[in-house]
Structures are given as C-alpha cells and as structure tokens.
S.K.: 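Handing you a structure now.
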Amino acid sequence: MNTADLHGLPPGVPEHLQSEGIEELYPPQGDAVDAGILDGESVVASIPTASGKTLIAELAMLSAVQRGGKALYIVPLRALASEKKAEFERWAEYGVTVGVSTGNYQSSGEWLGSRDIIVATSEKVDSLVRNGAPWVDDLSCVVADEVHLVDDRHRGPTLEVTLAKLRKINPGLQTVALSATVGNADEVADWLDATLVQSDWRPIDLKMGVHYGSAINFDDGSQREVPVERGQKKTAALVDDTLKEGGSSLVFVNSRRNAESEARRLADVTKARLTGQERDDLRELAKELRDVSDTDTSDDLADAVAKGAAFHHAGLASEHRALVEEAFRDRLIKVVCATPTLAAGVNTPSRRVIVRDWRRYDGEFGGMKPLDVLEVHQMCGRAGRPGLDPYGEAVLLAKDSETMDELFERYVWAEAEDVRSKLAAEPALRTHLLATVASGFANTRQGLLDFLDQTLYATQTTESGRLETVTDTVLAYLEANEFIEREEGTIRATNIGHTVSRLYLDPMSAAEIIDGLRYAADKRVEKLRVIEGGGSASKSSKSSRPSKSKNEPDETAGFTTASELQAERDGEDDDVEDGDDENLDADDFETTYPTPLGLYHLVSRTPDMYELYLKSGDRETYTELCYEREAEFLGRTPSEYEDVAFEDWLAALKTARLLEDWASETDEDRITDRYGVGPGDIRGKVDTAQWLLGAAEQLAGDLDLGNNVAVREAKKRVEYGVREELLNLAGVRGVGRKRARRLYEAGIVSRADLRDADKSVVLAALRGRQKTAENILEAVGRRDPSMDEIEEDTSTRVAAGASEDDDGQASLGDFG
DNA sequence: GCCCGTCACATATAGACAGCATGTC
DNA sequence: CTATATGTGACGGGC
C-alpha cells in the first residue's frame with residue numbers, strides 16, 4: 001500500500017511521510033490500515049521490534065486527531081516517553097500538538113487537556129484516571145506500547161486495569177495495542193475487541209545463530225567462520241569480527257559486574273581499531289562521563305569508553321546512560337555490554353547482538369534460570385540498523401554441541417511464551433480495588449467483580465472463583481485498615497482511603513506509614529509527659545551536650561580538606577547517635593522526634609521501596625545498629641531470633657542508613673562503596689524516599705498527628721542531600737549540597753546572607769567560578785549579580801579548603 | 001627475594017513506576 | 001540458594 005493512498009489523515013501528512021522516504025507501507029502496516037486503523041477500528045499488532053510499529057500508532061492517532069479526537073500513547077518507561085514525544089513532534093507543522101506526562105516531567109492537567117496527543121507511562125495514566133483528569137473523557141484513541149508487559153508481575157496489572165478503565169469510560173474508544181511477537185496475541189486481541197495483525201516480517205533481515213567451535217551457525221543454514229584464538233574469549237572474537245567490517249556490537253550479560261568486566265576486556269579489542277579522530281572524540285566523551293559523578297563506576301566507565309567500549313546497567317546515573325546510548329547510536333562507541341536495561345529501553349540498534357549469558361541467577365527459582373524466550377528475542381531484535389546494515393545478526397554462545405542444540409531448540413526455533421495476566425495477585429488487587437472504589441468506578445462487591453470481568457485475567461482464567469476469593473481477602477484488608485467502609489452492601493472509600501489512592505501508594509505502604517506515624521505521635525505525647533513530671537534532671541544532662549546541628553559550623557570550620565571533614569562527620573555520627581533508649585533526651589526529643597533515620601526506616605520497609613540486598617557481614621553490622629538506635633525506630637522492632645521478618649527489617653535499615661548518609665552530605669563515592677551500589681541506585685532510593693515521605697507528610701497532616709513538620713524536614717534533607725543547617729541555602733537554583741556547604745563554611749548560612757554577602761567571599765567559596773557565582777546570586781534575587789572585577793577573597797578560600805577540581809554539584813539531578 | 005601461574009575457596013547475583021511543585025553545571 | 005564467574009589468598013616453581 002502506498003502512503004499516497006492513505007485517507008483520513010491531517011492534510012500534508014502523507015506528503016510528509018513521502019518526504020521521509022516512506023513511499024510504501026511495510027506489509028504489517030498495510031494490514032493494520034486494512035484492519036481499519038484509519039477509521040477508528042481497534043487493532044492488536046503483534047510484530048517484531050523495529051518493523052514499523054510506531055507508524056501504525058501514529059496513523060491511528062493522527063486520523064483520530066483529524067476527526068477531532070484526542071489520543072493517548074502509553075509507554076512502559078519514562079525514557080521512552082520523551083523519545084516518543086520527540087518523534088511525534090514532527091507533526092506539529094500540521095497542527096498536531098503533543099504533551100508528555102510522567103512522574104518526573106511537568107504536567108498540569110489543563111495544559112495536557114489542550115494537547116492532541118499525550119504520551120504517558122501506564123502508572124501516570126492510572127494516576128490521572130484516579131484523580132479524574134478531565135481530558136480522559138475526551139480520548140478517542142489509546143495506544144498501548146509493549147502491551148505484552150501485562151505479563152509483568154509488578155507492573156502488568158496497572159496496564160491491564162488502566163486499559164480496562166479507559167475503555168469503560170469511553171465506550172467507543174479505539175484501542176491500538178503494540179506487542180512483541182508472543183504466543184497468544186489472539187487472546188489479547190479478543191480481550192480488547194480488536195483485529196489481530198500478526199507478522200514475522202522485518203524490514204531488515206535478522207539472522208539468528210549460535211556460535212560453536214570456530215563458526216556461527218545460522219538459522220538459515222548458513223555459517224560464518226569466526227575462529228577463536230587460543231586464550232581469546234568468544235565475545236572478543238565476535239566483537240572483533242564485526243569491527244573488522246566497521247560494525248558495532250551489543251553484548252547482553254546477566255549481571256552488572258559481568259557487564260563491567262566484559263566491557264573492560266572488550267575495550268582492549270576495540271582500542272586496537274580506532275581511528276585518530278575517534279580516539280579524540282572518545283577521550284572527550286570519557287571526560288564528560290567521568291564528570292557525571294565522583295564514583296568508581298564513573299571512572300571505570302570513562303576508562304572503558306576512552307577505548308571504545310562501554311557498559312550499561314541500572315547502577316549508572318541517567319546521564320551516564322543517555323551519553324552511552326547516544327554515542328553508541330552515533331557509532332562512536334563500538335561495543336556496549338549491557339544487562340537487560342537495553343533490551344527493552346530506548347532504541348539502540350546494532351549490527352551484531354551477542355547474547356552471552358542465557359541464564360540468570362534467580363533466588364526464588366533457586367539457581368540459574370534460563371531467560372524467557374521473549375526476553376532473548378527482544379535482545380536479538382536489537383540487531384540490524386534500518387538503512388545502515390544489510391542485515392542484523394544475533395548470536396548465542398555455546399561451548400559444546402549439546403548446548404548448541406539446546407539453544408537452537410530453546411530460543412532460535414522457539415516461539416515466545418504466552419502472555420498471562422498477573423492481576424489476581426493480592427498486592428495488585430490491593431492497589432487497584434481501592435482505586436476502583438475511590439474513583440467511583442464501583443461501589444459494591446458485585447460491581448467490582450463485574451469490572452474485573454473486563455480484564456485480560458477474566459478472559460484467561462480457568463480457575464473460577466479465584467478472583468472472587470482474592471477480592472474478598474483484599475476487601476477485608478482494606479476495611480480493617482479503614483481505607484474503605486461497607487454499609488448495607490455499598491462500599492465507600494474513607495477520607496484516608498481517597499488520599500491513599502490519590503497519592504498512588506500501595507495501601508500496605510500507607511498502612512505501615514500510618515502505623516509508624518501514630519506510634520511516633522503516641523510516644524511523643526508519652527515522653528513529653530514524663531519529661532514534664534521528671535523535670536530538671538534531664539534538662540541538665542542536655543545542656544552539657546549541645547545539639548550537633550548547632551555546634552557543627554564551629555566544629556568543622558578548621559578542617560582543610562573535604563575528606564578530613566568527611567571523616568570527622570562520620571565519626572561524629574557514631575558518637576552522637578550512639579547510646580541506649582535514653583539517647584534522645586528532653587529538648588532534643590521535643591524538636592527531633594521522630595528522627596530522620598526513624599522516618600527513613602519507616603518508608604524503607606514499605607512494599608513501595610525496592611529492597612537493598614544484605615551482603616555478608618551486613619547482618620552483624622545492621623543488627624548492631626538496630627540496637628544502638630533502637631529508640632528511633634517507629635513501631636515494634638521484630639525479634640532477632642523469632643521473627644522471619646527480621647531480615648527484611650534489616651535490609652530496610654540498610655536502605656535507611658544510606659538515606660541518612662545521603663542526607664548528611666556523605667560523598668557519593670563513599671556511599672557507593674559502603675553499600676555496594678552505583679550512583680544510579682542512590683538516585684533511585686532518594687527519589688523513592690522523597691515520594692514516600694511526601695505521601696507520609698500528607699497522611700500525617702490528614703490524620704492530624706502533629707509530626708508532619710518532622711516528616712517534611714526529613715524529606716527536604718533527602719531531597720537536597722544536606723544536613724539541617726543547609727536546607728535554606730540548598731533550595732537556591734544552582735546550589736546543590738556541595739556548594740551550599742562551601743558557602744556555609746564561608747559564613748554565608750542563609751539566602752538572606754547570600755543576598756548581602758561580600759562578593760569576593762562568595763566567589764572564593766565557589767572556587768572562583770565567576771559565571772556560576774553570577775547565576776547563583778541572580779537566582780537568590782540579588783540586584784547586582786555581576787562578578788566583573790571581583791577578586792576572590794583568598795583568606796576565605798584557604799579556610800574553606802584547598803581541595804581541587806571538586807566543584808561538581810551533587811549531579812544526581814534528573815531533568816527528564 | 002621476587003614474579004607468575006595454579007588452585008581452592010569465598011563471594012555475589014536484572015530492572016524501575018508513582019505525589020506535588022518548580023526548575024540544572 | 002539446583003550455577004557461574006570473578007576475586008582472593010596460599011602455595012610452589014623458575015629465575
């Protein structure tokens with residue numbers, strides 16, 4: 001089918017497609033048009049990666065807009081949201097407007113309402129529906145990208161429920177679901193009342209094969225000699241082989257560490273084949289990567305990249321990832337060793353894909369578990385860059401002929417698994433039943449069951465009654481925690497229930513947080529009563545030890561290097577927080593209870609916080625810490641000997657400790673090696689903690705518990721990664737944790753000080769960066785921010801520390 | 001005395017969404 | 001932790 005024959009699109013669009021070189025539609029795209037995609041018909045397109053799924057979606061959305069409608073494009077990842085938005089924005093010249101809404105990307109409801117196409121993550125859409133975004137009623141077309149993810153245990157149910165809700169709100173809604181090739185696409189199509197378009201067609205040929213001995217054996221029967229020299233690794237031979245033809249490779253491995261070590265090894269392979277220009281460009285890129293964060297991860301990545309290789313996994317900061325992805329697309333980086341982050345993320349095609357590891361450690365499984373066929377196919381699908389490569393090659397590795405046979409059978413010839421709904425799990429229903437009640441979708445038990453009947457789960461299940469049983473369990477749970485009320489058969493959400501749903505909390509997280517906050521409120525009342533009765537004894541003990549925040553500046557002013565200062569702070573933590581039940585004495589108690597650590601631990605043990613892994617030795621470390629800081633924890637501490645929950649509780653303590661470190665200005669590199677995480681993990685934890693503490697603050701306010709100020713401060717401290725005394729400064733644009741500390745050390749302790757401060761002192765505190773100093777002064781509202789002719793105050797500079805090249809901000813920012 | 005290979009033994013294990021209100025070098 | 005790869009320390013050989 002020719003693009004010129006397309007109907008129902010905004011004027012100019014077919015011509016635009018032709019100008020992009022799209023004269024003719026790919027066969028699956030033609031099928032989708034035949035299925036009525038331009039006329040508002042629903043379609044499930046189950047076709048390989050990179051075979052033009054996005055255009056199918058665009059055709060549907062553009063024709064819907066042309067009919068005066070509004071379209072929603074649901075993506076699985078935030079990074080994809082911005083990618084798609086950028087792509088769709090080329091239709092702006094035909095009057096089509098695009099908006100994005102994700103957790104970290106701005107979105108006012110009204111503004112979104114004026115957009116023709118909205119791109120959002122499934123969770124964000126769910127949240128918008130819960131909160132009654134007005135434009136949801138106006139949708140005429142919804143696209144679900146990667147719809148096979150309904151199979152995902154954690155996030156699948158959200159997508160499933162959201163689609164069901166959208167379809168219920170808008171009865172005639174055109175649903176376009178894009179899926180990888182899966183076993184039961186027909187079932188998905190049935191569920192969505194859509195026509196199935198299924199095809200294995202790809203614009204560039206994909207050859208899948210297994211390397212064994214000295215050759216790759218492809219699925220089409222052909223072979224390619226790739227001998228492996230003695231002492232050489234297979235991956236090295238394969239990467240070098242591609243490189244000789246000027247192609248790049250993508251290597252998938254099963255752990256972060258493997259990604260890093262493989263990249264280190266392959267760097268020696270790529271290094272040998274770089275041009276002089278490439279060497280220079282890579283050196284520059286390496287510097288940029290190194291500056292992203294002051295951690296080992298950053299250095300290791302930069303070292304590898306300088307030689308033309310990179311690794312990619314979730315421990316990287318988002319800037320790291322973005323830089324690596326971009327340079328790989330530009331063919332500057334020759335090989336990327338990645339965990340599955342890259343398999344489903346943004347578009348990073350490569351001439352050759354090597355699936356080095358096909359098994360991955362899985363604790364629940366109890367050993368190395370073979371990857372799903374779908375997952376391996378997704379990785380392989382990254383092979384072949386449209387328009388650049390004649391074909392793509394995906395290679396699995398076998399050390400013996402037996403393994404080769406197994407790999408052919410298991411992956412090369414195999415069809416992907418069926419998609420199975422995971423909705424009937426309690427955690428999923430806990431969240432979604434509350435939301436369904438709270439947003440008025442249903443107000444009886446039967447109403448809920450009727451609604452659930454419209455989900456994929458219902459069309460798939462053979463086990464009748466299962467959904468009903470779980471529903472009853474979950475309703476009982478929600479009622480017991482006072483999130484819902486039942487009266488004569490009608491179910492209503494309580495005020496708190498509404499809040500919980502609106503905040504997008506797992507009700508179990510909310511229950512935990514509420515318990516903890518109530519515990520804190522009670523303990524506070526009780527303690528204050530004791531203090532009032534007990535009187536002066538505790539007061540005098542207090543006065544002998546000034547609180548740490550007050551005496552900090554004097555204490556730290558004399559240190560000359562950041563690390564000395566750091567060492568002192570770390571030591572001090574141990575001293576001050578050390579102690580028994582009495583470690584929070586009278587006045588401290590009044591002003592500092594609940595403590596940040598208590599609150600961090602509270603949010604860290606909710607199911608919404610992903611657990612940090614306990615390593616060997618950690619058990620002892622944190623058990624000890626648990627006794628040391630016993631007075632700070634909110635709620636009953638499980639018994640070390642009797643409670644199975646103790647292990648989880650300790651893992652949460654480890655997370656809480658990380659957050660406390662971050663909020664005490666501990667350096668990133670110190671945190672990364674103390675907890676065995678990457679810079680990206682710190683960011684993730686901090687981000688989640690911020691969200692949960694924000695929710696906790698609201699709950700504390702709603703329940704009138706009187707501790708929302710403490711929660712707010714704990715939240716602010718994680719947000720900026722600073723101690724209490726820097727909170728005022730750290731909020732200024734351009735001032736992060738490091739600069740705030742330097743300004744503070746130079747005697748500038750507040751925004752007001754900054755407005756009036758001696759410019760030479762400011763300049764010295766900022767290591768003589770004029771431009772930075774001007775920007776900061778402007779941000780804080782100073783009338784004459786100009787730094788022209790200003791000299792650094794050298795005396796201040798010396799006192800503030802002579803450490804070099806350490807001007808970086810926290811650099812954990814995520815600016816979507 | 002030193003460098004290196006070898007071996008037994010220990011160690012660690014993928015990913016990432018969400019509230020609200022504004023803004024980073 | 002139904003496996004695996006990598007890191008670590010002890011040991012011995014060759015010089």
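Lettering follows sequence order; numbering is per chain, from 1. From a predicted model like this one, the values you see are computed outputs, not experimental measurements.
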S.K.: Do you know which of A:Arg382, A:Arg360, A:Arg410 makes salt bridge (charged side-chain N to carboxylate O under 4.0 Å, His left out) with A:Glu375?
M.R.: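 That would be A:Arg360; it is the only one of A:Arg382, A:Arg360, A:Arg410 passing the salt bridge (charged side-chain N to carboxylate O under 4.0 Å, His left out) with A:Glu375.
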
S.K.: So, OP1 or OP2 of B:dC25: does either fall under 4.0 Å of a side-chain N or O from A:Arg739?
M.R.: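 Yes, within the criterion.
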
S.K.: Using atom P in both nucleotides, what's the gap between B:dA14 and C:dG7 to the nearest angstrom?
M.R.: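 Each nucleotide's P atom is 15 Å from the other's.
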
S.K.: How would you list, by chain and number, every residue that makes a side chain to side chain contact (heavy atoms under 4.5 Å, CB included) with A:Ala338, sequence neighbours excluded?
M.R.: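 Here the qualifying residues are A:Phe252, A:His312, A:Val336, A:Leu342.
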
S.K.: B:dC17 P sits how many Å from A:Tyr504 OH, rounded?
M.R.: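 Going from OH in A:Tyr504 over to P in B:dC17 covers 12 Å.
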
S.K.: How far apart are the C-alpha atoms of A:Asp681 and A:Lys685, what are their side-chain angles, what is the distance that settles it, and do they pass the salt bridge (Lys or Arg N to Asp or Glu O under 4.0 Å) test?
M.R.: CA-CA 6 Å; A:Asp681 299 298; A:Lys685 289 282 170 292; over 6 Å; no

S.K.: Could you check whether A:Gly363 gets within reach of a base, just the sugar-phosphate, or nothing at all, counting any heavy atom under 4.0 Å?
M.R.: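 The residue A:Gly363 makes no contact with any strand.
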
S.K.: Per the side-chain hydrogen bond (donor to acceptor under 3.5 Å, both in side chains) rule, which among A:Arg290, A:His320, A:Glu319 passes with A:Ser298?
M.R.: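 Only one option passes, and that is A:His320.
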
S.K.: Rounded to whole angstrom units, what separation is found between the CG atom of A:Leu692 and the P atom of B:dG19?
M.R.: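 About 11 Å, once rounded to whole Å.
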
S.K.: Using a cut-off of 4.0 Å on non-hydrogen atoms, how would the nucleic acid contact of A:Thr688 be classed: base, sugar-phosphate, or nothing?
M.R.: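 Answer is base: heavy atoms of A:Thr688 come under 4.0 Å of a base.
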
S.K.: Dot-bracket, 5' to 3', for DNA chain B please: Watson-Crick or G-U pairs under 3.5 Å, [ ] where pairs cross earlier ones, | where the partner sits on another strand, dots elsewhere.
M.R.: |||||||||||||............

S.K.: Using every non-hydrogen atom in the two residues, find where A:Leu407 and A:Leu397 come nearest and quote the distance to one decimal.
M.R.: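 That would be CD1-O, 3.3 Å.
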
S.K.: Counting the atoms with a prime plus P, OP1 and OP2 as sugar-phosphate, which does A:Gln690 contact under 4.0 Å by heavy atoms, base, sugar-phosphate, or nothing?
M.R.: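 Result for A:Gln690 = base.
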
S.K.: I want to check one thing: is the phosphate of B:dC25, taken as OP1 and OP2, less than 4.0 Å away from some side-chain N or O of A:Thr772?
M.R.: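 False: A:Thr772 side-chain N/O out of range (4.0 Å or more) of B:dC25 OP1/OP2.
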
S.K.: Of the candidate nucleotides B:dC25, B:dA14, B:dA18, which contains the atom at the shortest distance from the side chain of A:Trp691?
M.R.: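 Shortest atom-to-atom distance from the side chain points to B:dA18.
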
S.K.: Under a 4.0 Å heavy-atom cut-off, which of residues 254-262 of chain A touch DNA chain B?
M.R.: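 Those residues whose heavy atoms fall under 4.0 Å from DNA chain B, taken from residues 254-262 of chain A in numerical order, are A:Asn254, A:Ser255, A:Arg256.
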
S.K.: What nucleic acid atoms does A:Arg321 come within less than 4.0 Å of, heavy atoms only: base, sugar-phosphate, or nothing?
M.R.: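 Answer is sugar-phosphate: A:Arg321 comes under 4.0 Å of backbone atoms only.
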
S.K.: In this structure, are over 12 heavy atoms from other groups packed under 6.0 Å from A:Gln770 atom CD?
M.R.: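 Yes.
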
S.K.: To the nearest angstrom, how far is A:Leu614 atom CG from B:dT13 atom P?
M.R.: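 The distance from CG of A:Leu614 to P of B:dT13 comes to 11 Å, rounded to the nearest Å.
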
S.K.: Is the ring of A:Tyr613 stacked on the base of B:dA12, with centres less than 5.5 Å apart and planes under 30° off?
M.R.: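 Stacking is absent between B:dA12 and A:Tyr613, given that the ring centres and planes do not meet under 5.5 Å and under 30°.
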
S.K.: When you measure from the side chain of A:Glu375, which nucleotide among B:dA18, B:dA12, B:dA14 comes out closest?
M.R.: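 For the A:Glu375 side chain, the nearest candidate turns out to be B:dA14.
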
S.K.: Do we see a donor-acceptor contact under 3.5 Å between the side chains of A:Tyr613 and A:Asp618?
M.R.: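 The answer is no; no qualifying pair exists.
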
S.K.: Roughly, in whole Å, what's the span from CZ in A:Arg712 to C1' in B:dC20?
M.R.: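 Roughly 10 Å, once rounded to whole Å.
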
S.K.: Picking from B:dA18, C:dT6, B:dG15, which would you name as closest to the side chain of A:Lys233?
M.R.: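 Nearest to the side-chain atoms of A:Lys233, counting from C-beta on, is C:dT6.
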
S.K.: Just the rounded figure in Å: distance from C1' of B:dA16 to CD of A:Glu611.
M.R.: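 Going from CD in A:Glu611 over to C1' in B:dA16 covers 15 Å.
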
S.K.: What nucleotide, of B:dA14, C:dA3, B:dC20, holds the atom closest to the side chain of A:Gln698?
M.R.: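 Among the listed nucleotides, the one closest to the side chain of A:Gln698 is B:dC20.
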
S.K.: Base, sugar-phosphate, or nothing for A:Arg733, non-hydrogen atoms under 4.0 angstrom?
M.R.: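 Sugar-phosphate: the residue A:Arg733, judged by heavy atoms under 4.0 Å, touches backbone atoms but no base.
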
S.K.: Report which part of the nucleic acid A:Lys715 touches: base, sugar-phosphate, or nothing (heavy-atom distance under 4.0 Å, all strands).
M.R.: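 Contact class for A:Lys715: base.
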
S.K.: Choose from B:dG19, B:dT11, C:dT4 the nucleotide whose nearest atom is closest to any side-chain atom of A:Leu503.
M.R.: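 When the side chain of A:Leu503 is considered, B:dG19 is the closest of B:dG19, B:dT11, C:dT4.
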
S.K.: Using atom NE2 of A:His320 as one end and atom P of B:dG15 as the other, report the distance to the nearest whole Å.
M.R.: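 Interatomic distance, NE2 of A:His320 to P of B:dG15: 15 Å.
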
S.K.: Choosing from B:dC20, B:dT11, B:dA18, which nucleotide comes nearest the side chain of A:Arg78?
M.R.: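 Nearest to the side-chain atoms of A:Arg78, counting from C-beta on, is B:dA18.
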
S.K.: Would you indicate what A:His313 reaches in the nucleic acid, counting non-hydrogen atoms under 4.0 angstrom: base, sugar-phosphate, or nothing?
M.R.: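 The residue A:His313 makes sugar-phosphate contact but no base contact.
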
S.K.: Rounded to the nearest Å, what distance is computed from the CG atom of residue A:Asp152 to the P atom of nucleotide B:dG15?
M.R.: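 Distance check: A:Asp152 CG to B:dG15 P gives 14 Å.
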
S.K.: Counting just side-chain N and O atoms, does A:Arg265 come under 4.0 Å of either OP1 or OP2 of C:dT6?
M.R.: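 For C:dT6, OP1/OP2 do have a side-chain N/O of A:Arg265 under 4.0 Å.
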
S.K.: As a test of reading the structure: which of B:dG15, B:dC17, B:dT13 is closest to the side chain of A:Lys615, going by heavy atoms?
M.R.: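 In terms of side-chain proximity for A:Lys615, the closest of B:dG15, B:dC17, B:dT13 is B:dT13.
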
S.K.: What do the steps show when you test A:Glu647 against A:Arg619 for salt bridge (Lys or Arg N to Asp or Glu O under 4.0 Å), and what is the final call?
M.R.: CA-CA 8 Å; A:Glu647 198 86 5; A:Arg619 209 191 140 89; 2.4 Å; yes

S.K.: Taking all non-hydrogen atoms of both residues into account, name the closest pair between A:Arg733 and A:Ala779 and its distance.
M.R.: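 Closest approach of A:Arg733 to A:Ala779, heavy atoms only: O-CB, 3.6 Å.
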
S.K.: With a sphere of 6.0 Å drawn around CG of A:Asn495, does it hold more than 12 non-hydrogen atoms of other residues, nucleotides or ligands?
M.R.: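 No, the 6.0 Å shell around CG holds no more than 12 heavy atoms from other groups.
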
S.K.: Which is true for A:Leu77 with a 4.0 Å heavy-atom rule: it touches a base, it touches only sugar-phosphate, or it touches nothing?
M.R.: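 Sugar-phosphate only.
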
S.K.: Figure out the CZ/P separation between A:Arg264 and C:dA5, and round it to whole Å.
M.R.: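 To the nearest whole Å, that distance equals 16 Å.
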
S.K.: Do any side-chain nitrogens or oxygens of A:Lys685 fall under 4.0 Å of OP1 or OP2 in B:dA16?
M.R.: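 Result: no.
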
S.K.: Could you check A:Lys399 against A:Asp362 and say which one's nearest nucleotide on DNA chain C is further toward the 5' end?
M.R.: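 Nearest nucleotide further toward 5': that of A:Asp362.
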
S.K.: Ion pair present between A:Lys422 and A:Asp152, side-chain N to carboxylate O less than 4.0 angstrom?
M.R.: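 No.
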
S.K.: Mind checking if A:Arg130 touches a base, just sugar-phosphate, or nothing, with heavy atoms under 4.0 Å?
M.R.: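 Result for A:Arg130 = nothing.
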
S.K.: Does a nitrogen or oxygen in the side chain of A:Ser127 sit under 4.0 Å from OP1 or OP2 of B:dG19?
M.R.: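 So the side chain of A:Ser127 is within the cut-off, an N or O lying under 4.0 Å from OP1 or OP2 of B:dG19.
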
S.K.: For A:Gly676 and A:Arg155, find the nucleotide of DNA chain B closest to each by heavy atoms; which residue's nucleotide sits nearer the 5' end?
M.R.: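 With A:Gly676 and A:Arg155 compared, the 5'-side residue is A:Gly676.
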
S.K.: Go through A:Glu713 and A:Lys716 one step at a time and tell me if the salt bridge (Lys or Arg N to Asp or Glu O under 4.0 Å) criterion holds.
M.R.: CA-CA 5 Å; A:Glu713 182 172 311; A:Lys716 284 280 171 205; over 6 Å; no

